[in-house]
Amino acid sequence: MIAFTRSINTIARCTMQYRSDKLNDLNISGPQATYILHVCHQPGITQDALAKAIYVNKSNVTRQLNSLESAGYVQRQNSQHDQRAVLVYPTKKAQELLPFIYQLFRDWNTYLTQDLTTEEQDVFFRLLQKITKKAKQYVDQKQGDIR
């Protein structure tokens, strides 16, 4: 069997390099664009929920949010309902950056798929969604086992 995950990992690393190149002047790394996107879509999301939503460990979330907070893109507050929970909110600076992030994502997707026909793109995306669902299913089940 072809080790397709090696290709997916390469694409992911190249994606982060592209994002980092485009976001460098804004003091944001490639992975941080995903954090901004999620926080803008779910203001007040907990750090734990953010970690689960983007499938990274909690220490990575804390580290990335520290950097984004220092750069003025997010604010964190302790929850009034659960003192252990930390809520994350976008700042105006993050909200203003959102259209640029969307365009950045669209441009990269267009670049990657420009040599595929519309039919090839459709098949590729459907298959990728199936594989993504299966991968998430494993992690979600594993996290459920821990609880």
Side-chain angles (χ1 to χ4, degrees), residues 1-76 84-147:
M1 170 154 219
I2 298 171
F4 68 90
T5 55
R6 185 177 334 151
S7 295
I8 291 172
N9 286 332
T10 300
I11 293 166
R13 286 190 298 272
C14 292
T15 298
M16 289 308 134
Q17 182 62 51
Y18 171 82
R19 289 180 187 176
S20 292
D21 290 347
K22 300 296 182 182
L23 294 166
N24 187 46
D25 292 342
L26 300 169
N27 198 25
I28 301 172
S29 70
Q32 290 171 338
T34 301
Y35 288 78
I36 291 173
L37 188 70
H38 279 271
V39 171
C40 285
H41 281 280
Q42 294 181 285
I45 188 171
T46 66
Q47 285 189 189
D48 287 350
L50 183 56
K52 289 176 185 167
I54 60 177
Y55 292 87
V56 296
N57 65 47
K58 294 176 187 179
S59 63
N60 282 349
V61 170
T62 301
R63 191 170 32 258
Q64 295 293 352
L65 289 177
N66 283 341
S67 179
L68 287 170
E69 192 169 37
S70 294
Y73 290 101
V74 299
Q75 294 177 332
R76 291 182 282 184
R84 297 170 295 174
V86 177
L87 308 177
V88 186
Y89 295 92
T91 62
K92 183 178 180 188
K93 187 176 179 180
Q95 292 168 335
E96 289 172 351
L97 184 62
L98 205 53
F100 179 78
I101 291 174
Y102 284 135
Q103 189 61 51
L104 183 73
F105 287 12
R106 281 191 298 274
D107 290 348
W108 182 242
N109 287 340
T110 299
Y111 173 77
L112 290 179
T113 60
Q114 68 187 358
D115 296 333
L116 300 177
T117 66
T118 302
E119 183 180 312
E120 288 172 329
Q121 288 180 34
D122 291 342
V123 169
F124 174 72
F125 290 132
R126 277 197 316 272
L127 293 173
L128 193 56
Q129 286 174 338
K130 278 184 162 182
I131 292 170
T132 301
K133 182 179 177 182
K134 193 70 173 174
K136 287 179 174 183
Q137 183 180 32
Y138 171 82
V139 172
D140 292 344
Q141 181 182 358
K142 185 92 171 144
Q143 288 177 348
D145 291 345
I146 295 170
R147 292 181 198 149

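One-based numbering along the sequence shown. All values derive from a computational prediction rather than experimental measurement.
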Lys134 vs Gln137, side chain to side chain contact (heavy atoms under 4.5 Å, CB included): CA-CA, chis, key distance, verdict:
CA-CA 5 Å; Lys134 193 70 173 174; Gln137 183 180 32; 3.3 Å; yes
What's the verdict on side chain to side chain contact (heavy atoms under 4.5 Å, CB included) for Tyr73 and Leu97, showing C-alpha distance, side-chain angles and the deciding distance?
CA-CA 9 Å; Tyr73 290 101; Leu97 184 62; 3.7 Å; yes
Side chain to side chain contact (heavy atoms under 4.5 Å, CB included), that's the test. Do Val56 and Val61 meet it? Break it down for me.
CA-CA 7 Å; Val56 296; Val61 170; 3.6 Å; yes
Which is it for Val139 and Lys136 under the side chain to side chain contact (heavy atoms under 4.5 Å, CB included) test, yes or no, and what are the steps along the way?
CA-CA 5 Å; Val139 172; Lys136 287 179 174 183; 5.8 Å; no
For the pair Trp108 and Phe105, evaluate ring-ring contact (aromatic ring centres under 6.0 Å, His included) and give the outcome as yes or no after the intermediate values.
CA-CA 5 Å; Trp108 182 242; Phe105 287 12; over 10 Å; no
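For Glu119, the CD atom counts as loosely surrounded, since its 6.0 Å shell holds 12 or fewer non-hydrogen atoms of other residues, nucleotides or ligands. In the displayed structure, Arg106 atom CZ is contacted under 6.0 Å by more than 12 heavy atoms of other residues, nucleotides or ligands.
Put simply, CG on Leu87 and OH on Tyr89 are 4.5 Å apart, with the number rounded to the nearest 0.5 Å. Atom CD1 of residue Ile101 and atom CD of residue Gln32 lie 10.0 Å apart, to the nearest 0.5 angstrom. One finds the CG atom of Asn27 at 6.5 Å from the OG atom of Ser67 (value rounded to the nearest 0.5 Å). One finds the OH atom of Tyr111 at 11.0 Å from the OG1 atom of Thr15 (value rounded to the nearest 0.5 Å). The distance from atom CG of Asp21 to atom CD of Gln17, rounded to the nearest 0.5 Å, is 4.5 Å. Atoms CD and OG1, on Gln103 and Thr110 in that order, are 8.0 Å from each other to the nearest 0.5 Å.
No donor-acceptor contact under 3.5 angstrom links the side chains of Gln64 and Asn60, judged on distance only. Side chain to side chain, Arg126 and Gln129 fail the donor-acceptor criterion of an N or O pair below 3.5 Å. Using modelled atom types, one finds a donor on one side chain and an acceptor on the other under 3.5 Å when comparing Thr34 with Arg19.
Between Tyr35 and Leu50, the closest side-chain pair of non-hydrogen atoms falls below 4.5 Å. Between Phe4 and Leu128, the closest side-chain pair of non-hydrogen atoms is not below 4.5 Å. For the pair Phe100/Leu98, no side-chain contact is recorded, criterion being any heavy-atom separation below 4.5 Å from C-beta on. For the pair Val88 and Thr46, the minimum side-chain heavy-atom distance is 4.5 Å or more.
Side-chain N or O atoms of Thr91 include one that pairs as donor or acceptor with a backbone N or O of Gly72 at under 3.5 Å. Remark: side-chain polar atoms of Gln121 are paired, donor with acceptor, to backbone N or O of Thr113 under 3.5 angstrom. In terms of modelled atom types and a separation under 3.5 Å, the side chain of Gln141 and the main chain of Tyr138 share no donor-acceptor contact. At least one donor-acceptor pair closer than 3.5 Å links the side chain of Lys93 to the backbone N or O of Ala71.
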Without placing hydrogens or testing angles, list every side-chain donor-acceptor pair under 3.5 Å for residues 36-44, not counting sequence neighbours.
unit_1, atom_1, unit_2, atom_2, d
His41, NE2, Tyr102, OH, 2.3

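Every residue two or more places apart in sequence or in another chain that forms a side chain to side chain donor-acceptor pair (under 3.5 Å) with Glu69 is listed here: Arg76. For the salt bridge (Lys or Arg N to Asp or Glu O under 4.0 Å) test, no residue two or more places apart in sequence or in another chain qualifies with Lys130.
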